[in-house]
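Below you'll find the structure, written out as structure tokens, and then a few comments.
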There are 2 protein chains.
Amino acid sequence: MRQKSSNEKLPAASEKRAGPQGSQTLLRGLDMLDQVVDGPIPLPELSARMGLTRSTTHRLANALIDRGFLVFFPREGYQLGPKLLQLGFLAQSQVDLIQTARPHIESLAMRTEDTVHLGRLDDERALYLDKIPGRRRVEISSRVGDRQPLTSTGLGKALMVDTPPSEWRRLFDTDHASGGVPIDYAVWEERMKSYAAAGRAFDLEENEDQIRCVAAPIRDASNRIVGAISVSSAAQYMDDQRMDALSDDVLATARAISTDLGWQDEKATRK
Amino acid sequence: MRQKSSNEKLPAASEKRAGPQGSQTLLRGLDMLDQVVDGPIPLPELSARMGLTRSTTHRLANALIDRGFLVFFPREGYQLGPKLLQLGFLAQSQVDLIQTARPHIESLAMRTEDTVHLGRLDDERALYLDKIPGRRRVEISSRVGDRQPLTSTGLGKALMVDTPPSEWRRLFDTDHASGGVPIDYAVWEERMKSYAAAGRAFDLEENEDQIRCVAAPIRDASNRIVGAISVSSAAQYMDDQRMDALSDDVLATARAISTDLGWQDEKATRK
DNA sequence: TTTTACTTTCTCATTTTATGGGATAGGATG
DNA sequence: CATCCTATCCCATAAAATGAGAAAGTAAAA
């Protein structure tokens, strides 16, 4: 059916992923919402983008309007409706970072065989929310519920990658006020710059001797950092080369969790 | 079709608003989202609530899952999915207070024959965003773009009904620092208390001589005040009795705008 | 004003698509 | 190992969705 069905003259854009069958109408309606994400769009263009007739487009759009998923401004077009604001807000309260992240960090721990942590910012510290022990017999002293310094843990630095550099010095000084291993700020700053640029952070035995880790931030729909994950292991298993290799996996996992939280890649936003 | 189609034996709960026809599948799918707003719900209960067979419920739910509108946890049930977080966030950026409020305040102005204003908080002042002149020949000096004091305008006080009383004094003093009509704080505070309790505010010729108004706040999906509307008129048309009567209409209009912004009445939330 | 060029809405015969009964698979729990 | 409940799959039936085209609105042009 679709358009002409005969010779598929449409370029490409019209062919969406098919998905399960037996719910064409529902799927078409849901996909219609995606076509409306950037600004008001009039019916003729909407039906063109959907690859449907005006009739069908109009009928589906009306159903969406009836339930508040779309609104229509005459001579302007369709826009996202108030129901989405409602449901978006409710979904927020249902989504739990720990629960959402679980399957992802479990599989990450499985792949890497190392200990994986999940944490978030709490009062300028990194709060550990969840922990999957690795297969290797490595002692990682952190426990769920602990609050560790931001500037000397991988998790903490990952949570900081969006923090403006003007704040760095203050946070660094706060963390190092109570003694601890003395580190030169200039060195730390240089490393932090590269972490911020790469969107992920390392920890090189700064917080705990012989323990290194790779960490990456988790973001929500508004692109704000709401947590971070890290893979930790003994330095003997974590040479520079492996840390580089791990970066991709950790970043990808963090992105997958972010996506489950409503985040979307900017590059993917505009088709 | 539906159930038995024969004699409508079902009690009531299963019969939803029908809406436009020709999109049953889409409407059922959309309505399914409403059944999932409070916590995980397993398939049998979901199908019961929807008044559908397990087969149909399962198929629709799967389509919603495929597009990310739902997520499923085995042995737990269905929950709202990440797509709703995405779309909710995008909808937020599309929804414009002025445009959304327009039809409502136009109709309010029509009914009351008085001047209606729309405004929001801006730097501890009431910023006037829109204005529908009334039919009566009354001069209202305010103009769109003006920023008026919070504590001496109806609009401003409506924006304040959620502000903790501990802040009141400071705001009051700020507004009255630069001279103006001298008002006793004790009197003002007493009135403000009643406004906060009623969820709407009056202005009794405080800001402008001979001008009285009734105002109410507008809220978004998170129940935060994002704006306010007011009906203003000359004191001769605005005796105490009429202000009382207007309160209902102004409140209802403010609620209608709020609803268009994703707000939902707490009382209506739990069915 | 009337005309023109739209965009939006509605109608209805055709047929594709959704439906739900029931059978199957999967997992807990006792 | 038997039981019980949940989730998934299959398929003939029939109802619901489809789209061509006509009609009704609207805004700008003549």
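Chain letters run A, B, ... following the sequence lines, proteins first, then strands; residues in each count from 1. Hydrogens, waters and symmetry mates play no part in the numbers below; they use all other heavy atoms, side chains included. All values derive from a computational prediction rather than experimental measurement.
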(message) Checking B:S258 against B:R219: is there a side-chain donor and acceptor pair closer than 3.5 Å?
(response) no
(request) When you get a sec, tell me which of C:dT19, D:dA27, C:dA28 is the closest nucleotide to the side chain of B:R28? (result) C:dT19
(request) Select from A:L26 and A:P44 the residue whose nearest nucleotide in DNA chain C is closer to the 5' end of that strand. (result) A:P44
(message) Judged by each residue's nearest nucleotide on DNA chain D, which is more toward the 5′ side, B:P74 or B:G22?
(response) B:P74
(message) What residues from residues 55-63 of chain A pass a heavy-atom cutoff of under 4.0 Å to DNA chain D?
(response) A:S55, A:T56, A:R59
(request) Give the ring-plane orientation class for B:H117 versus B:Y128, where under 30° counts as parallel, over 60° as perpendicular and anything between as tilted. (result) perpendicular
In residues 88-98 of chain A, what donor-acceptor pairs under 3.5 Å come from side-chain atoms, sequence neighbours left out?
| from | atom 1 | to | atom 2 | distance (Å) |
| --- | --- | --- | --- | --- |
| A:S93 | OG | A:L90 | O | 2.7 |
| A:Q94 | OE1 | B:L80 | N | 3.2 |
| A:Q94 | NE2 | B:V36 | O | 2.9 |
| A:Q94 | NE2 | B:V37 | O | 2.6 |
| A:D96 | OD2 | A:Q99 | N | 3.2 |

(request) Would you kindly give the CG-to-C1' distance between B:L27 and D:dA17, to the nearest whole Å? (result) 12 Å
(message) Please determine whether a side-chain nitrogen or oxygen atom of B:Q24 lies at a distance below 4.0 Å from atom OP1 or OP2 of C:dT17.
(response) no
(message) For the CZ atom on B:R224, are there more than 12 heavy atoms of other groups (residues, nucleotides or ligands in this structure) within a distance under 6.0 Å?
(response) no
(request) Return the set of residues passing side-chain hydrogen bond (donor to acceptor under 3.5 Å, both in side chains) with A:R54 (not counting sequence neighbours), or none when no residue passes. (result) none
(request) Would you tell me whether A:R111 and A:T253 have side-chain atoms, one donor and one acceptor, within less than 3.5 Å of each other? (result) yes
